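These notes are about the structure you will find just below.
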Amino acid sequence: MLEHVLVLSAYLFSIGIYGLVTSRNMVRALMCLELLLNAVNINFITFSDFFDNRQLKGNIFSIFVIAIAAAEAAIGLAN
Amino acid sequence: MDLPGSIHDFLLVSLGLVLILGGLGVVLLTNPIYSAFSLGLVLVCISLFYILSNSHFVAAAQLLIYVGAINVLILFAVMFMNGSEYSNDWNLWTVGDGITSLICTSIFISLITIISDTSWYAIIWTTRTNQILEQDLTSNADFFLPFEFISIILLVALIGAIAVARQ
């Protein structure tokens with residue numbers, strides 16, 4: 001169970017890297033960057049669900065990742 | 001969530017399939033509007049996956065911030081693009097694309113081997129004894145300072161984005 005979710009997030013991560021490197025358009029590169037950050041978030045949430053069910057420290061860190069991704073997408077799209 | 005095991009597994013498998021297809025759609029679709037909508041589908045599916053993983057707060061934050069703000073922002077940026085940028089010359093599968101796909105596949109395969117070679121259940125067994133009583137996300141005093149820094153970062157980023165966009 002845990003391994004399947006981690007494999008799914010690894011798949012999204014590698015797809016995001018491929019799209020980020022081979023995109024000729026800046027908006028498409030930003031979309032693939034969001035894919036990368038979401039894959040990392042899935043990892044955090046899964047580990048928090050399996051190992052840290054009481055204190056939810058992984059959830060808090062993924063909130064930070066969401067906020068940083070929002071700020072970076074706003075700045076990247078303002079250009 | 002406390003669902004019966006078979007419904008939980010069925011939902012996970014279906015969400016995983018939609019995620020796989022959506023991820024392929026973001027990268028491989030030529031029309032950028034289709035690609036942006038596929039990204040929206042991926043983000044909604046990830047939010048449903050968070051609900052299945054007992055992380056309701058992060059699921060709501062993901063729906064609000066990612067789907068509601070970032071995806072809308074990306075759609076605006078896509079619609080402001082000129083028609084000349086639509087001409088994705090997809091008949092040119094360059095050498096760089098091939099090398100990148102090889103490297104990404106090797107990264108994926110190495111990650112899969114690492115995941116399958118790790119003994120996760122030994123880690124679960126050792127951390128089971130460290131769990132204390134359940135705390136709320138906001139009442140945990142360890143993360144007070146990062147919360148303040150995050151709010152300052154968001155403020156500075158928004159001011160910077162407005163200053164850049166005014167020119």
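Lettering follows sequence order; numbering is per chain, from 1. Remember, it's a predicted structure, so these values are computed and weren't measured experimentally.
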Residue from A:N38, A:T46, A:V27 scoring the most non-hydrogen pairs under 4.5 Å with chain B is A:N38
Under a 4.5 Å heavy-atom cutoff, which of A:I66, A:L20, A:L8, A:L12 has the most pairs with chain B?
A:I66
Under 4.5 Å from any heavy atom of chain A, what part of [X] do you find: side chain, backbone, both or neither?
| X | answer |
| --- | --- |
| B:A36 | both |
| B:I74 | both |
| B:L73 | both |
| B:I103 | neither |
| B:L19 | both |
| B:V26 | both |

Under 4.5 Å from any heavy atom of chain B - which part of [X]:
| X | answer |
| --- | --- |
| A:S62 | side chain |
| A:A69 | both |
| A:L6 | both |
| A:F44 | neither |

Pick from B:I20, B:I153, B:L158: which one has the most heavy-atom pairs with chain A under 4.5 Å?
B:I20
Highest number of heavy-atom pairs under 4.5 Å with chain A: which of B:S151, B:A69, B:S101?
B:S101
Taking the six-membered ring where the residue is Trp, are the ring centres of A:F13 and B:F108 under 6.0 Å apart?
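A:F13 vs B:F108: aromatic centres not under 6.0 Å.
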